[in-house]
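Presented below is the structure to which this report refers.
All values below come from the heavy atoms of this structure, side chains included, with hydrogens, waters and symmetry mates left out.
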Amino acid sequence: MSDNSGAPLLVKQGAIAIVTLRRPIHANRLQPQDVLQLQAYWDQLKNDLTMRAVVLTAKGKHFSGGYDLNSISETANPTGVVVENAFARMVDALEHLPQVTICALNGGVYGGATDLALACDFRYGVSTCEMLVPAARLGLQYYLSGLRRYVSRLGLDSAKRLLLLAEKLDADQMMAIGYLHRIVAADRLLAEALQTAKLVEALAPLAVGGMKAALNAIADDHVDECAIRLSETNTLRSNDMIEGVAAWRDKRNPMFGGS
């Protein structure tokens, strides 16, 4: 098992948080302590109003080989009614961040890591990207929230291809099903992700966060109309809207404070 020096690292650049997976020798396979570290980062960021965007990337040839297989086996406690899946909980927490999240896929993505990237709002990849979910080859049923994301984000037919047939897709095929939003040169990958994050940085965080939550709820068919209308009302009464309208009228860049 790798030492803690390879744990995921969070670095803040202004209003942008960059999280990097750092076990390239082991294809960035996630160990239990990595999952806990990522969960801690998401718990920190969800309440940090100074952060407007999150970029998730990795070092080396691969984005991630997924969750360590030995660790998956160890979660199957025979005395429990159902397995408590810390990995699924961590990925769900990433999906629910109020910030816009961008995954910069520097290479192949496999197993549970495909869902980690899918939980992000945007995914940029390099031409050497490929994806594979070998759960059916391993005798494993994918966890519920991951199945939900696959269907709601990629559609039922693509989800069945990837999960029931364990098809391996290359970068062009990943683009075709909507898994990748953009293919960029390897030496431009992080810059492209940061450029998108900078675009988000200039927008009103209350409006962006509220619309992100509403769009995800609509996609998952879990709409709470009262909550969405309350979120809309909060933006109508916000200082950000006053500033946004004033800046639009004055033909200047707005200065949003998130309140």
Side-chain angles (χ1 to χ4, degrees), residues 1-68 71 85-126 145 149 181 184 186 188-203 205 208-209 212-213 216 256 258:
M1 183 175 294
S2 302
D3 60 32
N4 287 334
S5 64
L9 179 67
L10 184 151
V11 175
K12 295 180 179 179
Q13 292 186 7
I16 302 168
I18 304 172
V19 177
T20 306
L21 306 181
R22 301 187 302 151
R23 300 190 192 278
I25 295 176
H26 303 285
N28 293 310
R29 284 193 301 273
L30 295 168
Q31 304 292 336
Q33 65 266 32
D34 299 327
V35 172
L36 293 176
Q37 182 63 79
L38 290 171
Q39 180 71 58
Y41 287 153
W42 311 151
D43 288 343
Q44 172 190 339
L45 288 168
K46 70 180 180 182
N47 296 316
D48 189 347
L49 298 180
T50 67
M51 293 292 104
R52 304 290 178 84
V54 178
V55 174
L56 175 63
T57 191
K59 289 185 174 295
K61 180 181 178 181
H62 304 285
F63 174 72
S64 176
Y67 195 32
D68 179 68
S71 301
N85 193 326
F87 185 89
R89 186 163 57 250
M90 179 274 293
V91 178
D92 291 348
L94 171 61
E95 180 186 24
H96 294 143
L97 286 179
Q99 296 91 354
V100 170
T101 51
I102 306 117
C103 188
L105 290 150
N106 53 299
V109 56
Y110 311 97
T114 63
D115 190 42
L116 182 67
L118 198 56
C120 293
D121 299 308
F122 301 99
R123 288 165 297 283
Y124 300 163
V126 296
S145 61
R149 261 182 296 274
H181 296 99
V184 300
R188 287 287 305 161
L189 179 65
L190 186 57
E192 289 280 343
L194 289 173
Q195 184 177 9
T196 299
K198 284 287 186 182
L199 291 176
V200 174
E201 190 177 357
L203 303 175
V208 170
K212 172 179 172 173
N216 283 347
F256 295 119

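- Across all their heavy atoms, Pro8 and Tyr41 have their closest contact at O-OH, 2.8 Å.
- Contacts of Tyr110 classified as side-chain contact (heavy atoms from CB on, under 4.5 Å), with partners at least two apart in sequence or in another chain: His62, Glu130, Leu132.
- Of all the heavy atoms in Ala86 and Val35, the pair that sits closest is O-CG1, 3.7 Å.
- Evaluation of the side-chain hydrogen bond (donor to acceptor under 3.5 Å, both in side chains) rule for Thr101 yields Asp121 as partners, not counting sequence neighbours.
- Residue pairs meeting the salt bridge (charged side-chain N to carboxylate O under 4.0 Å, His left out) criterion with at least one partner in residues 6-20, sequence neighbours excluded, are Lys12-Asp48.
- Within the structure, salt bridge (charged side-chain N to carboxylate O under 4.0 Å, His left out) pairs that include any residue of residues 99-116 comprise Asp115-Arg149 (at least two apart or interchain).
- Residue Met90 holds its CE atom at 6.0 Å from CG of Leu30, rounded to the nearest 0.5 Å.
- The line from NE2 of His26 to CG of Leu21 is 14.0 Å long, rounded to the nearest 0.5 Å.
- Arg188 approaches Gln195 most closely through the heavy-atom pair NH2-OE1, 4.3 Å.
- Distance CD/Gln44 to CG/Leu97: 10.5 Å, rounded to 0.5 Å.
- Nearest heavy atom pair, residue Phe87 against residue Ala113, reads CZ-N, 4.2 Å.
- In terms of the salt bridge (charged side-chain N to carboxylate O under 4.0 Å, His left out) criterion, residue partners of Glu201 (sequence neighbours excluded) are, by chain and number, Lys198.
- Checked by atom type and distance alone, the side chain of Lys212 pairs as donor or acceptor with a backbone atom of Gln99 at under 3.5 Å.
- In this structure Arg89 satisfies the salt bridge (charged side-chain N to carboxylate O under 4.0 Å, His left out) test with no other residue, sequence neighbours excluded.
- Applying the salt bridge (charged side-chain N to carboxylate O under 4.0 Å, His left out) definition to pairs two or more places apart or across chains, those involving residues 24-42 are Arg23-Asp34.
- When every heavy atom of Asn216 is checked against every heavy atom of Glu95, the shortest pair comes out as ND2-O, 3.7 Å.
- With sequence neighbours excluded, the residues satisfying side-chain contact (heavy atoms from CB on, under 4.5 Å) with Ala17 are Leu45, Met51, Val54.
- Distance check, rounded to the nearest 0.5 Å: CG of Leu194 to CD1 of Ile102 gives 8.0 Å.
- Applying the side-chain contact (heavy atoms from CB on, under 4.5 Å) test to Lys59 and every residue at least two apart in sequence or in another chain returns Thr20, Arg22, Pro24.
- Leu189 pairs by the side-chain contact (heavy atoms from CB on, under 4.5 Å) definition with Ala104, Asn106, Tyr124, Val126, Val184, not counting sequence neighbours.
- Contacts of Phe122 classified as ring pair (Phe, Tyr, Trp, His ring centres under 6.0 Å), with partners at least two apart in sequence or in another chain: His181.
- Nearest heavy atom pair, residue Phe63 against residue Ala117, reads CE2-CB, 4.5 Å.
- Of the inter-residue distances, the one linking Ile18 atom CD1 with Thr57 atom OG1 reads 9.0 Å to the nearest 0.5 angstrom.
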